[in-house]
Structure formats: C-alpha cells, structure tokens
Chemist: 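Questions regarding the structure given below will be posed in turn.
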Amino acid sequence: MDKEELKQRTKEFAHRCVKLAVSLPNTFLGNHIKGQLIRAATSIASNYRATCIAQSKASFISKLSIVLEEADESYFWLEFIIDEKLLRKELVEPLLKEAEELTAIFISSRKTARKKIDN
C-alpha cells in the first residue's frame, strides 16, 4: 500500500468513525465518547498527512508515533463502546478491525523507519 492509498484509508476510517460516533446515545457518557472517538480517529488521518511531508527521518518517526497512539486510542474507544453496550457490537466490529489493522501498519512502518536510522 502506498502513501496515497494509506492517506485515503485513514481518511475513510475517520469518516466512518464520525458516522458511528454521531449515532451514540445523547447521554453524558455517549457524548464524552463521541468527542474522544472523533478527535482520535480524525487525528490519525490528519497526522498521517503530516507524516507524509516530514522533513527528516526523526520527524517522520515522531509524527508516525502520534498516528500510532491515535490509532490505538481509537481502538480503545471502539472497544469501550462495545463494553458499555452503547451500540450493537456488529456495528462497531468492522471499525474495531480497521483500527487494529491500522495500528499494525503503523507499528510496522515505525519499526522499518527506525531500522533505517540505526543502519
């Protein structure tokens, strides 16, 4: 997957998370998670774009680390929605799987980038 495809994939993930988040119940907990999930998921896409224009390997790794943290946080909030039974599990699971895959991609990318610096 090239960087343009990954830019699109992260942006689509953000859109899907926003759509899911706005369907959360209008309760204190639902509204809290709504804000947290939207912030984390959209941050993946926006920070990945910043990663693509990083001016150094160190900057690339730093920005990629932020993307990774946000992907993991998105996974947490999606899992929490299921745990709290705020939405049906089958609605959340595809996004949970995508968050897991994105996290794995960014872990692998960071490892590769770090090896290039160490060599």
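In this text, all values refer to a predicted model and were calculated from it rather than measured experimentally.
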Chemist: Check whether more than 12 heavy atoms from other residues, nucleotides or ligands sit under 6.0 Å from atom CZ of R49, and answer yes or no.
Modeler: no
Chemist: Check whether any side-chain heavy atom of I38 lies under 4.5 Å from a side-chain heavy atom of K34, and answer yes or no.
Modeler: yes
Chemist: Would you say M1 and F60 are hydrophobically clustered, going by side-chain heavy atoms of ILVMFWY under 4.5 Å?
Modeler: yes
Chemist: Just grab all the ring pair (Phe, Tyr, Trp, His ring centres under 6.0 Å) pairs involving residues 62-105, residues at least two apart or on different chains.
Modeler: H32-W77, F76-F80, W77-F80
Chemist: With a 3.5 Å distance limit and no angle check, can you tell me whether T10 reaches the backbone of K7 through a side-chain donor-acceptor pair?
Modeler: yes
Chemist: Minimum heavy-atom separation for A21 to L37, with atom names?
Modeler: CB-CD2, 4.2 Å
Chemist: Rounded to the nearest 0.5 Å, what's the gap from CD1 on I44 to CG on L102? Could you check?
Modeler: 6.0 Å
Chemist: What pair of heavy atoms forms the shortest contact from A99 to A71, and how long is it?
Modeler: CB-O, 4.2 Å
Chemist: Say you draw a straight line from CZ of R114 to CG of L64; how long is it, rounded to the nearest 0.5 Å?
Modeler: 9.0 Å
Chemist: Considering residues at least two apart in sequence or located in another chain, which fulfil the side-chain hydrogen bond (donor to acceptor under 3.5 Å, both in side chains) criterion with S109?
Modeler: none
Chemist: Any chance you could lay out the side-chain contact (heavy atoms from CB on, under 4.5 Å) test for I81 and L20, step after step, and finish with the verdict?
Modeler: CA-CA 10 Å; I81 290 167; L20 181 90; 4.2 Å; yes
Chemist: With rounding to the nearest 0.5 angstrom, report the CG to CD distance, L96 to E101.
Modeler: 10.5 Å
Chemist: When rounded to the nearest 0.5 angstrom, what distance separates NZ in K3 from OG1 in T51?
Modeler: 11.0 Å
Chemist: Going by heavy atoms in the side chains, are R16 and P94 under 4.5 Å from each other?
Modeler: yes
Chemist: Looking at every heavy atom in both E70 and A40, which two are closest together, and how far apart are they?
Modeler: OE1-CA, 3.3 Å
Chemist: Restricting to non-hydrogen atoms, name the atom on L86 and the atom on L24 that form the minimum distance, rounded to 0.1 Å.
Modeler: CB-CD2, 4.0 Å
Chemist: Pair I105, R9 - check side-chain contact (heavy atoms from CB on, under 4.5 Å), show working.
Modeler: CA-CA 12 Å; I105 289 167; R9 186 171 173 177; 3.6 Å; yes
Chemist: Looking at S65 and I61, would you say the former's side chain and the latter's main chain have a donor-acceptor pair under 3.5 Å?
Modeler: yes
Chemist: Please check if V92 and F13 belong to a single hydrophobic cluster, counting links between Ile, Leu, Val, Met, Phe, Trp and Tyr side chain heavy atoms closer than 4.5 Å.
Modeler: yes
Chemist: Can you find a heavy atom in the side chain of Q36 that is under 4.5 Å from one in the side chain of E73?
Modeler: yes
Chemist: When rounded to the nearest 0.5 angstrom, what is the spacing between OG in S62 and CZ in R110?
Modeler: 10.0 Å
Chemist: Can you confirm whether more than 12 heavy atoms, excluding those of Q55, are under 6.0 Å from its CD atom?
Modeler: no
Chemist: Out of curiosity, does L29 fall in the hydrophobic cluster containing I82 (side-chain heavy atoms, cut-off under 4.5 Å, transitive links)?
Modeler: yes
Chemist: If you look at every heavy atom in A41 and A14, which pair is closest and at what distance?
Modeler: O-CB, 3.6 Å
Chemist: Check the pair E4 / Q8 against side-chain hydrogen bond (donor to acceptor under 3.5 Å, both in side chains), numbers first and verdict last.
Modeler: CA-CA 6 Å; E4 292 304 317; Q8 188 60 35; over 6 Å; no
Chemist: At what distance, to the nearest 0.5 angstrom, does NZ of K63 lie from CG of L68?
Modeler: 15.5 Å
